[in-house]
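Labels below follow one simple rule: chain letters A, B, ... track the order of the sequence lines, proteins then strands, and each chain is numbered from 1.
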Amino acid sequence: MRRQYPFQLFEPKWQELWHNGEIFRSWNPGESAPAGHPFRKRHQSAAPERIPKYYILDMFPYPSGAGLHVGHPEGYTATDILARYKRMRGFNVLHPMGWDAFGLPAEQYAIKTGQHPRITTEANVANFKRQIQSLGFSYDWSREVDTTDPQYFRWTQWIFLQLYNSWFNPETSKAEPIETLDYPADISTEEQKRSWLDSHRLAYVSEAPVNWCPELGTVLANEEVKDGVSEVGGFPVVRRPMRQWMLRITAYSQRLLDDLDAIEWSDSLKEMQRNWIGRSEGAEVIFKVKGLDAEIAVFTTRPDTLFGATYMVVSPESDLIDVIVKDENLLEVQTYQAESSKKSDLERTDLAKEKSGVFTGAYALNPVNGRLLPIWTADYVLAGYGTGAIMAVPAHDLRDLEFAEKFELPIEVVVQAPKGEESLGFSGEGFAVNSDFLDGLPTLEAKSRIIDWLEEKELGARTINFKLRDWLFSRQRYWGEPFPIVWDDGGHNALDETDLPVLPPDLTDFKPTGSGDPPLARAQEWCQVEEGVVREVNTMPQWAGSCWYYLRYLDATNGRKFVGESAEKYWMGTSNDEATPGVDLYVGGTEHAVLHLLYARFWHKALFDLGYVSSPEPFYKLVNQGLILGEDGQKMSKSRGNVVNPDDILDEFGADALRLYEMFMGPLEMVKPWNTKGVEGVYRFLGRVWRMFIDEKTEKTFEQQFTLSPEKGSELLAELKISVDVVDIDPTQEQMKVLHTCIKKVTEDMENLRFNTAISALMVFVNEASSWDLRPLSVMKDFLLLLVPFAPHIAEELYSKANNQEGSIAYYPWPIFDEKHLVETSIEMAVQVNGKVRDRLQVPTDIDSIKIEELALNSENVKRHIEEKKVKKVIVISGKLVNIVAV
RNA sequence: GCCAGUGUGGCGGAAUUGGUAGACGCGGCGGAUUCAAAAUCCGCUUCUUUCACGAGAGUGUGGGUUCGAGUCCCUCCACUGGUACCA
């Protein structure tokens, strides 16, 4: 496509000017912009803390070797537009960027080549930074963070220490320093005390079965495993007991759930988090085992069906089995246990269709009626949820029903389904039947009645269960944060804050050791701190660095604290009643719905409890940008060959056009396909803007000269003159109306992040204005101010020419909409007969409804349609339409 | 299966509280300009029917509420995302 305007000249020019002048640096309390800085010009000498803040955050990228794809700039452009808009509205805007640079690809590349992952990471960061900067985003680069920088991760390690040195007090529902934890009376020895503390810390060591991924050579968190395979790479995952670091996120289950109500996230995202946390209310019921001094506790959400329990199931991993199993069943049970332990999660899911299990030979007694219930073991009961055992009510649970049918166990209906529905297999709410004192009660009442009964007899209690599991926090990797932990005599100790950062050792071989230890174990000297004291050789997962990066931005170079107090108070919002607590707007992909966003909320809450941050939630408002698909409507991927590289688009159409197109495609949150023709469309629009301002003659000269001697580009650019049609005259009423219609629409859309329709309003203005013979300078300048957030380079360039000035307009006040310019003297109204438009009338705005009715009934088109009918009713909606009802 | 979301021209999408469906852009058609082409500028472009004026249909399906429904209520269908023996 033919070049519409010389973006290749002025885009880099303005980017350099913004960079050199630190135009987009944001100011912390106590700082002030230098004289001559546009921020200073706008706000005079007002202290930053007196200016309302606006913190607008992007999810920082993992700098992959592939570079930016067109999905990245979608979110970044949206936040940039808003950041620029908010500056013009007079806010002190914080808009930073950084790198989530620990991660698997760099490590795998290192294993293959022996090259240190730092080298790959640095190269990738440089490439990402170049690409991001070429789009003209208004980031404050003085606050850039990199999670792999020791000056950054020393604070990641420091936060880990805070978690390690805290416990969750159930009385206050808050994290507190471990020193406040009291010892129970029966604890006396040092060893007992230590283990008491260790079992209460927010960061603790566990021996439980974990998700082990042999292909990746590391363990994974529950959140990182989908359908039995790793989320990264899709490799099989098996359960295997290992000693690992865990974070006690489950302590926060209820708060993580409750506080969702106080933040502005999309319903679907909140729902995903709610489902993941998975709260369910019910009861724990205790069953006695016949002939033994043993009990089985089960969790159920349907205690009202207790009378319908006909057997019990214990998970094959349960310790109870050894206690209850009868000799004659022992062999069969052990064989079954061995089989299910060998199965990977994937196999267990695959085999889900067909139930399996064996009888243990033992019986339990149903506490309500003394009925004998055979106890089975089956892998459809999970060890990790509830108590790892269930009472089976086959009549009202599909899984129990399937199992009972297969093994011919009794089935008893105890809930009457509503009319028209089959009671057998019904798992909804109905009425209790065959249940003695519950009979006739609706499900809800039956539940509460039976729980009261159980509590009275001390056979059970009201309970709440969560699906959320503690966070498996250690990985067998090289390229991650080392733990600030050392071991002696099998016990762990925290390092002192003054020992931070703990740097990883230099290695040349990044594979795990032959004996299966993590790669850090290769550095024997590093591991050995002193006689009998060795370092922890696991590293933290990639999520660690992203759990708090938004806090480091607030005070990125602070060498004494992870974030300074005044900066934290100002930007996270408690210094001023008007301010939003937390990040004002966070934009990013939906792939982090349950990983990063849950982990970060958890860390933030712990830091909040310990008094380090002042808002209970980190991200007040969150928006997920929709995926951008390839031109063929498929997900972009190398193998499909439908990947669009932003560098190519930038070369051909420039940054402004790319930015504008990314926003014009459709609503930010929607999935939408890429279409390069669409880029051409917005590029043409910007070309029309350019030609509306620039004198045709000098433009022609420029074209010729520039072709001959491209090296003189910047001089030639300066020679371009403003068109003689753009003149300093008073605008007409009509022109003011066009302008203010545009101001109104763009401003409203901006506040609601509807950038696609804002851009279409700008296009409407240009379509109108290009038909004007003379274009009033004041109107055209206001238009450019509306354009700045979207296409900042061309807007700056044209404004500086039109106003004959140098310097940025980034802090110029946003044009203010004035209703008076939209006042009309006459208006078009539609006339409907029985809801169908038959005519349109041009009427004065102050006309009364009787007059309108008369006009409408006299219209020739209307008469034709009501001829042989009787007018029953006439409805007049003033300013809009008239509807004549005739039969 | 369950939970959430989305269905509007050839395509991306507009329609802010129930009030003129299809803004804006892409694509297509026609014209101006040009030796010619590109670029640019102007016009038309939901479908059916009509020479035309017009008429009829139309927002996934079927129904309902209303003077009036893309918008509200119910049924079903399709697609997308999440989740899945969670008792």
Side-chain angles (χ1 to χ4, degrees), chain A residues 1-4 226-227 266-276 278 280 282 298-302 305 313 348-349 351-353 355 378-382 384-393 396-400 402-403 427 465-469 590-591 593-594 624 626-627 633 660-661 664-667 669-682 684-685 687-688 691 745 748-749 752 754 756-764 766-767 770-771 828-840 861 864 872-875 877 879-886:
Chain A
M1 192 174 183
R2 192 181 171 277
R3 190 136 281 170
Q4 294 269 352
K226 282 206 170 111
D227 300 327
S266 69
D267 289 342
S268 68
L269 192 62
K270 284 186 182 181
E271 207 50 36
M272 274 189 227
Q273 291 225 340
R274 286 194 190 106
N275 288 340
W276 193 263
S280 50
V298 305
F299 173 72
T300 176
T301 55
R302 292 300 297 270
T305 63
V313 186
R348 247 168 115 149
T349 322
L351 296 167
K353 291 149 212 145
K355 292 274 182 295
D379 65 5
Y380 84 94
V381 171
L382 307 176
Y385 183 76
T387 60
I390 62 158
M391 65 174 204
V393 184
H396 306 292
D397 182 291
L398 290 174
R399 297 151 303 181
D400 295 346
E402 202 186 314
F403 191 84
S427 54
N465 241 297
F466 293 93
K467 275 193 245 181
L468 187 67
R469 299 277 75 104
T590 175
E591 66 273 20
V594 285
N624 286 126
L627 203 64
L660 209 58
Y661 176 65
F664 188 59
M665 290 170 85
E669 299 181 73
M670 223 168 248
V671 180
K672 41 211 176 276
W674 180 269
N675 177 8
T676 301
K677 281 282 178 199
V679 189
E680 282 179 31
V682 295
R684 252 197 300 265
F685 159 69
R688 296 180 74 191
R691 290 188 295 275
K745 179 72 180 151
E748 283 172 1
D749 285 347
N752 295 298
R754 288 190 300 240
N756 54 330
T757 48
I759 292 166
S760 92
L762 294 169
M763 288 172 167
V764 170
V766 169
N767 290 346
S770 47
S771 68
E828 189 187 79
M829 284 180 68
V831 183
Q832 298 181 332
V833 177
N834 293 333
K836 284 191 177 148
V837 180
R838 296 302 179 184
D839 200 3
R840 284 160 221 272
N861 285 345
R864 222 182 24 234
K872 238 178 90 184
K873 200 170 170 187
V874 179
I875 291 150
I877 310 294
K880 294 241 159 112
L881 55 72
V882 183
N883 191 12
I884 298 163
V885 187

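In terms of the salt bridge (Lys or Arg N to Asp or Glu O under 4.0 Å) criterion, A:Lys880 has no residue partners (sequence neighbours excluded). With sequence neighbours excluded, no residue forms a side chain to side chain donor-acceptor pair (under 3.5 Å) with A:Asn465. Annotation: ring-ring contact (aromatic ring centres under 6.0 Å, His included) contacts of A:Phe664 (sequence neighbours excluded): none. When the ring-ring contact (aromatic ring centres under 6.0 Å, His included) test is applied to A:Phe403, the partners found at least two apart in sequence or on another chain are A:Tyr311, A:Trp376, A:Tyr380, A:Phe407. In this structure A:Lys226 satisfies the side chain to side chain donor-acceptor pair (under 3.5 Å) test together with A:Glu231, sequence neighbours excluded. Remark: A:Asp839 engages A:Ser859 in a side chain to side chain donor-acceptor pair (under 3.5 Å) (not counting sequence neighbours). Take A:Trp674 and apply the ring-ring contact (aromatic ring centres under 6.0 Å, His included) test, not counting sequence neighbours, and it matches A:Tyr661. Not counting sequence neighbours, the partners of A:Arg274 by the side chain to side chain donor-acceptor pair (under 3.5 Å) test are A:Asp261, A:Glu271.
For B:G12, the base is anti relative to its sugar; the glycosidic angle deviates from 0 by more than 90°.
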With side chain to side chain contact (heavy atoms under 4.5 Å, CB included) as the test, would you mind laying out the steps for A:Ile390 and A:Asp400 before giving the verdict? CA-CA 10 Å; A:Ile390 62 158; A:Asp400 295 346; 3.6 Å; yes
Steps toward side chain to side chain contact (heavy atoms under 4.5 Å, CB included) verdict (A:Lys270, A:Met272): CA-CA 5 Å; A:Lys270 284 186 182 181; A:Met272 274 189 227; over 6 Å; no
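Across the P atoms, B:U46 and B:G22 are found 9 Å apart, a figure rounded to whole Å. Across the P atoms, B:U8 and B:U80 are found 14 Å apart, a figure rounded to whole Å. Here the separation of B:C76 from B:G10, taken at their C1' atoms, is 29 Å to the nearest Å. Here the separation of B:A84 from B:C74, taken at their C1' atoms, is 29 Å to the nearest Å. Nucleotides B:A78 and B:C72 place their C1' atoms 23 Å apart, quoted to the nearest Å. Comparing B:G70 with B:U16, their P atoms sit 13 Å apart, to the nearest whole Å. A gap of 26 Å separates the P atoms of B:C11 and B:G56, to the nearest Å. Nucleotides B:G81 and B:C29 are separated by 36 Å at their P atoms, to the nearest Å.
One finds the CG atom of A:Asn624 at 4.5 Å from the OG1 atom of A:Thr590 (value rounded to the nearest 0.5 Å). Note that CZ of A:Phe466 and OH of A:Tyr385 are 9.5 Å apart. Values are rounded to the nearest 0.5 Å. To the nearest 0.5 Å, atoms CG (A:Asn275) and CG (A:Leu468) are separated by 12.5 Å. A distance of 6.0 Å separates CE in A:Met763 from CG in A:Leu660, rounded to the nearest 0.5 Å.
Under the 3.5 Å distance criterion, with hydrogens and angles disregarded, no donor-acceptor pair is assigned to the side chains of A:Arg688 and A:Gln4.
Here B:U80 presents its C1' atom at 15 Å from CD of A:Glu669, a figure rounded to the nearest Å. Rounded to an integer number of Å, the gap from CZ of A:Phe685 to P of B:U40 is 14 Å. Between the NZ atom of A:Lys880 and the C1' atom of B:U17 there is a distance of 9 Å, rounded to whole Å. Going from atom CG of A:Asn275 over to atom C1' of B:G82 covers 8 Å, rounded to whole Å. Atom P of nucleotide B:A14 and atom NZ of A:Lys745 are separated by 10 Å, given to the nearest angstrom. Atoms CG (A:Leu269) and C1' (B:U83) sit 14 Å apart, rounded to a whole Å. Atom pair A:Asn756:CG and B:A15:C1' shows a separation of 12 Å (rounding to whole Å applied). In this structure, the CD atom of A:Glu591 is 19 Å from the P atom of B:U80, given to the nearest Å.
Counting any heavy atom pair closer than 4.0 Å across all strands shown, A:Arg691 reaches sugar-phosphate atoms only and no base atom. Using a 4.0 Å heavy-atom distance criterion, A:Lys672 is classed as a sugar-phosphate-only contact. Among the heavy atoms of the strands, none lies under 4.0 Å from A:Arg469. The residue A:Ser280 sits close only to the backbone: its heavy atoms come under 4.0 Å of sugar-phosphate atoms, none of a base.
Distances from the side chain of A:Arg838 to the nucleotides B:A55, B:A87, B:C85 place B:A55 closest. The side chain of A:Ile390 lies closest to B:A87 when the candidates are B:U83, B:A4, B:A87. The A:Met272 side chain lies nearest to B:G82 when the options are B:G13, B:G82, B:A87. Side chain of A:Trp276, nearest nucleotide from B:A39, B:A87, B:U83: B:U83.
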Between the protein and nucleotides 44-49 of chain B, which nitrogen or oxygen pairs are less than 3.5 angstrom apart?
none

Output one line per pair: protein atom, nucleotide atom from nucleotides 65-69 of chain B, and distance, for all N/O pairs under 3.5 Å.
residue : atom : partner  : partner atom : Å
B:C67   : O2'  : A:Asn883 : ND2          : 3.4
B:C67   : O2   : A:Asn883 : ND2          : 2.8

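Listed pair A:Lys836 / B:A57 meets the phosphate criterion, a side-chain N or O lying under 4.0 Å from OP1 or OP2. For the OP1/OP2 pair of B:G82 and a distance below 4.0 Å, the side-chain nitrogens and oxygens of A:Gln273 include no atom meeting the criterion. Taking side-chain N and O atoms only, A:Ser266 has no distance below 4.0 Å to OP1 or OP2 of B:G5.
At distances below 3.5 Å, not a single donor-acceptor pair connects side-chain atoms of A:Arg754 with backbone N or O atoms of A:Pro667.
Both A:Lys226 and A:Asp267 lie close to RNA chain B; mapped to their nearest nucleotides by heavy-atom distance, the more 5′-ward contact belongs to A:Asp267.
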Summarise protein proximity over nucleotides 24-29 of chain B in one line of letters, 5' to 3': B for base, S for sugar-phosphate only, - for none, counting protein heavy atoms closer than 4.0 Å. BSSS--
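Shown here for A:Val298 and A:Met391, the closest heavy-atom pair between the two residues is CG1-N, 3.7 Å.
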With both pairing distances under 3.5 angstrom for Watson-Crick or G-U wobble, and | for a partner in another strand, the correct string for RNA chain B is (((((((..(((......[....)))((((((.......))))))((((....))))..(.(((..]....))).))))))))....
